[in-house]
Amino acid sequence: MIIVVLLAMNLVGSDDLPGQTTQTVQSSDAQTGRNLADCMAVLKDLDAGWCELRVSQDNPGIGNVWPAKQRRIQHSLGPKAVLIAWSSAAWDSDNKTFYFMGGGGRDYGGNEVYRFSLTDGSWKRLTNPSPLDHWTTFKKRRFWIPDIRTVPPASYINDGLLFNRTTGTMILLAGQPANGAQIRDDDNATQDTFLQDGSDLHQYEFNPSESETRNGLAPLSWRRIGDYTWPKARSVQLPDGTLILGSYEQLFKVNQDKNGQLQDPHLFHDDHKSRGGNAVYDSHRKWIWSVYLDSLVALDSSGRIMLDIKLPMRTGKSLAFDQHGYIVIWDGTTRLFMFNPDDPSPVWRTINWAENGPYGGMKGRVYGKWVHLGNNYFAGISSYNHGIWIYKHPDDSKLGRQLSDINIQKIVDRAEENSTLKLPAGLYPYGLRIDKPLTLDLEGVELMEVSGSKGLLNIVSTDGSLVTIRNFEGNAEIGAAQTGNLAGIRITGVNFNVSLENVTIRKTAIGVMTDNRGGRLSIKDSVFEDIGYYKHKGLSHIIYAGAIDDLNIVNSRLQRSLHLGHLLKSRAKSTTVTNSQLLGLQSNHSRVIDLSCGGSLQVSSSVLQSSSLTDNQDLISVGVETPQNCRQGLLDGDIDIRDSLIVFDRDTPEANKNRLFTWRTGLEHLSLSNNIIVSKGDNNLLEQEIGDSTIEEESHNNTLFESRQAAGLNPMPDISPGFDLLPK
């Protein structure tokens with residue numbers, strides 16, 4: 001059965017301001033279908049929507065047909081590299097079929113071919129990986145390869161896989177062979193299996209038919225057809241069958257002789273900018289377009305540049321045209337970018353489907369993965385974990401949101417030190433770097449990417465110079481900082497000094513993260529929530545302060561670390577939390593406060609709530625890191641918690657093991673006073689021993705309750721206790 005995830009969008013066009021939204025989103029229930037025809041039928045009466053073809057519910061992607069693991073071929077990534085290692089797709093428009101190849105480098109050594117039929121909704125591996133039984137050398141490295149005289153090596157293909165409509169075969173412009181299978185001293189690498197040209201670039205032809213001979217090739221067979229040096233390949237076919245093949249620097253018109261060999265390359269375009277990209281043919285203008293990392297170039301039939309457009313965003317390798325000839329670029333996840341080249345004043349617009357689009361997708365490196373099926377239906381692949389997606393694009397050129405054409409990064413770069421700036425509101429397809437003392441008001445500024453592979457805001461502050469950020473809202477749902485250690489705000493520098501005021505961060509992998517070279521961070525009137533929303537691995541700390549001097553949190557709310565992160569992780573010498581809420585709520589978080597390297601912690605007039613889903617029995621840790629992980633040394637604990645509400649929501653036999661602290665460093669000072677403490681179970685948390693005394697000896701006027709209800713709080717677990725200290 002193929003499960004279809006159907007999502008509908010109602011869109012209203014308008015002459016909106018940069019960044020102003022014109023879209024509302026509606027989701028329908030999931031539906032079932034069997035093939036492309038069924039998918040198109042359920043999308044037919046909707047303005048727009050996505051539909052996923054799933055081979056099986058448990059394993060819907062290309063992984064359903066991966067080959068058995070082979071040690072020499074596996075390398076570091078295995079067959080998932082077919083879709084993530086600068087791989088390529090070829091599209092047979094007549095039979096509605098995608099073909100995929102990939103691998104290369106030290107990622108994967110398999111050269112197998114995969115097919116996905118939209119008509120049947122099915123994956124198939126057409127060939128097995130060729131044995132790596134020959135060898136070659138490159139830069140003094142010896143490694144195993146297949147017999148590249150008859151079959152291609154696994155390689156980074158880029159845009160080098162093309163379905164030839166004239167012959168029904170595929171052209172492959174292979175890159176340098178995968179070199180992850182290094183020859184060991186005890187391997188039998190004999191001279192008769194050595195290939196002198198094994199690391200050179202070659203071109204191949206493949207017959208993907210399982211039953212018929214095509215262009216002189218038997219079913220499912222390869223042949224080598226050229227020895228041209230075309231690195232980072234590009235390829236496209238014109239309507240008359242002409243092949244345009246080449247590299248990131250040059251494109252050639254090429255013919256095949258009766259034996260399939262590539263003949264008489266004629267220079268078509270010399271790209272002096274040395275850009276590699278995904279080339280497609282535009283039937284509306286009869287141009288060839290290439291999308292690069294940061295530009296879009298159109299050539300006419302003679303190879304002359306017609307347009308050279310600086311892209312405001314970085315995109316996936318997916319360029320297509322809708323039925324009106326408007327450009328539609330898909331980033332491989334939830335976002336589409338649209339552009340009308342014929343508009344006298346063209347602007348880039350974007351639609352973000354967020355949770356209603358290809359969930360869990362990858363921006364990835366599959367060239368040619370996105371095609372127009374006709375009538376504003378598109379097909380593409382988002383990841384190796386998912387099936388092919390069918391997308392119906394709305395029939396309106398002014399959909400979605402307009403990207404601002406103002407370069408706020410240049411405004412920041414040109415600003416005088418210690419000045420105050422109000423940046424213009426808008427939707428910006430990049431992150432922002434601040435590397436000088438400034439006060440920035442970012443109200444209405446939305447950032448779609450991260451800066452410097454660090455965070456939506458990448459702040460570099462040194463020597464105590466103050467950087468103040470006001471009124472910023474960072475949301476990974478906009479399309480960035482979702483994975484790894486990417487943060488809403490990343491702060492680096494020796495002895496930095498940063499103040500965050502009225503900041504909201506949502507759904508980023510990490511909320512705020514600093515480095516470890518000393519400094520001060522102040523957070524005031526701010527909210528951080530649902531951190532780690534998109535993460536599958538790694539910890540999602542809401543605030544992660546490194547080895548700095550001071551962390552001060554006032555009148556703020558930290559809630560829901562969704563992937564085993566701490567609500568507050570601090571290696572600072574001094575950490576202060578005042579009039580704030582640190583709430584686990586319904587999240588699978590770790591500790592509420594992790595004082596990794598010890599130090600001072602002052603908590604007053606605040607709410608600390610540990611959810612029933614936490615993986616830790618302790619609310620606060622003190623000095624749990626090893627000394628070598630603490631740049632400033634493992635400090636004695638100096639803890640003062642007063643006038644606060646502490647709630648444990650663990651409702652299992654483990655609740656009897658709840659404790660306030662895990663304390664592994666020395667004790668300088670401990671005081672708890674005037675706190676309300678709620679913990680299920682029959683253990684007395686204040687009897688916990690810390691050093692040579694118990695908490696009880698260091699506490700005054702604390703009240704313990706065995707339930708929320710007994711404490712006069714909201715009785716429902718894993719929601720706000722009802723002791724709200726912050727204005728709503």
Side-chain angles (χ1 to χ4, degrees), residues 35-37 62 65 82 87-102 111-128 130 150-152 155 157-174 202-226 228 230 233-246 251-265 278-281 283 288 320 366-374 378-381 388:
N35 50 36
L36 172 62
I62 193 172
V65 292
V82 170
S87 52
S88 191
W91 170 244
D92 177 358
S93 57
D94 291 337
N95 294 296
K96 300 295 186 290
T97 299
F98 273 115
Y99 297 96
F100 299 95
M101 285 191 71
N111 65 350
E112 69 270 20
V113 180
Y114 296 87
R115 180 185 70 197
F116 187 92
S117 168
L118 271 63
T119 304
D120 299 334
S122 62
W123 285 101
K124 186 164 187 177
R125 188 180 75 253
L126 293 178
T127 61
N128 290 319
S130 297
T150 57
V151 296
S155 67
I157 299 173
N158 295 284
D159 189 36
L161 191 66
L162 176 71
F163 185 84
N164 188 335
R165 298 184 307 274
T166 304
T167 61
T169 60
M170 293 198 303
I171 302 292
L172 169 64
L173 313 182
H202 305 287
Q203 295 76 51
Y204 298 84
E205 186 177 19
F206 177 70
N207 177 7
S209 173
E210 297 179 86
S211 59
E212 64 181 42
T213 298
R214 296 180 180 177
N215 205 28
L217 274 172
L220 302 181
S221 65
W222 287 99
R223 67 181 166 203
R224 198 161 99 182
I225 60 173
Y228 298 103
W230 291 336
R234 276 186 290 165
S235 63
V236 68
Q237 188 173 30
L238 305 184
D240 64 2
T242 299
L243 298 174
I244 306 291
L245 309 176
L251 288 174
F252 301 87
K253 285 187 176 181
V254 187
N255 299 310
Q256 282 184 279
D257 66 15
K258 62 180 181 179
N259 297 315
Q261 300 299 302
L262 299 179
Q263 298 289 313
D264 305 322
N278 179 199
V280 298
Y281 180 74
S283 61
I288 294 171
V366 184
Y367 291 75
K369 63 187 174 187
W370 177 246
V371 297
H372 183 218
L373 303 175
F378 294 79
I381 191 165
I388 298 293

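Please read all numbers here as calculations on a predicted model, not as lab measurements.
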Hey, does Gln256 have a side-chain heavy atom less than 4.5 Å from the side chain of Ile171?
yes

Could you tell me if the side chain of Trp230 sits less than 4.5 Å from the side chain of Gln203, heavy atoms only?
yes

Donor-acceptor pair, side chain of Arg234 and main chain of Asn158, under 3.5 angstrom
no

Determine whether the side chains of Asn207 and Ser209 contain a donor N or O and an acceptor N or O closer than 3.5 Å.
no

Identify the heavy atoms of Ala320 and Trp370 that sit nearest to each other, and give their distance.
CB-CD1, 3.6 Å

State, yes or no, whether a side-chain contact exists between Ser235 and Leu245 at a heavy-atom distance under 4.5 Å.
yes

Which residue is it: Trp123, Phe116, Trp91? I am looking for the one with a ring pair (Phe, Tyr, Trp, His ring centres under 6.0 Å) to Phe100.
Trp123

From Leu220 atom CG to Glu210 atom CD, the distance as rounded to the nearest 0.5 Å:
5.5 Å

Spacing of CZ belonging to Arg223 relative to OG1 belonging to Thr150, to within rounding of 0.5 Å:
13.5 Å

NZ on Lys369 to CD1 on Ile388, rounded to 0.5 Å:
11.0 Å

Between the CG atom in Leu243 and the CZ atom in Arg165, the distance rounded to the nearest 0.5 Å is 9.0 Å

Should the ring pair His202 and Tyr204 be called parallel, tilted or perpendicular, given that the plane angle runs from 0 to 90° and is split at 30 and 60?
perpendicular

Could you report the tightest heavy-atom contact between Asn111 and Met101, atom names first, then the distance?
O-CE, 3.3 Å

Check against side-chain contact (heavy atoms from CB on, under 4.5 Å), Leu373 and Leu118
CA-CA 11 Å; Leu373 303 175; Leu118 271 63; 4.2 Å; yes

List the steps and the verdict of side-chain contact (heavy atoms from CB on, under 4.5 Å) for Thr119 and Asn95.
CA-CA 8 Å; Thr119 304; Asn95 294 296; over 6 Å; no

Using modelled atom types only, decide if a donor and an acceptor are shared between the side chain of Ser122 and the backbone of Ser117 within a distance under 3.5 Å.
no

With the side chain counted from C-beta on, respond yes when Phe252 and Leu262 share a heavy-atom pair under 4.5 Å apart, and no when they do not.
no

What are the two closest non-hydrogen atoms of Ala218 and Thr213, and how far apart are they?
CA-OG1, 4.1 Å

Locate the shortest heavy-atom distance separating Asn215 from Gly260; write the atom from each residue and the value.
ND2-CA, 4.4 Å

Nearest 0.5 Å, what's the OG-CD distance between Ser221 and Glu205?
9.0 Å

Closest heavy-atom contact between Thr166 and Gly241?
OG1-CA, 3.6 Å

Are any side-chain N or O atoms of Asn259 and backbone N or O atoms of Gln261, one a donor and one an acceptor, separated by less than 3.5 Å?
no

Checking Asn278 against Tyr367: is there a side-chain donor and acceptor pair closer than 3.5 Å?
no

Any donor-acceptor N/O pair, Asp92 side chain to Asp94 backbone, under 3.5 Å:
yes

Within this structure, what is the CG-OG distance for the pair Leu161 and Ser88, rounded to the nearest 0.5 Å?
4.5 Å

I want to check something: taking the side chain as every heavy atom from C-beta on, are Pro152 and Phe206 in contact at a cut-off of under 4.5 Å?
no

Could you check whether any side-chain N or O of Gln237 sits under 3.5 Å from a backbone N or O of Leu162, counting only pairs where one atom can act as donor and the other as acceptor?
no

Of all heavy-atom pairs between Pro208 and Gly168, which one has the smallest distance, and what is that distance?
CD-O, 3.4 Å

Looking at Val371, Ile381, Val366, which one forms a side-chain contact (heavy atoms from CB on, under 4.5 Å) with Phe98?
Val371

Minimum side-chain heavy-atom gap Asp159-Leu173 below 4.5 Å:
no

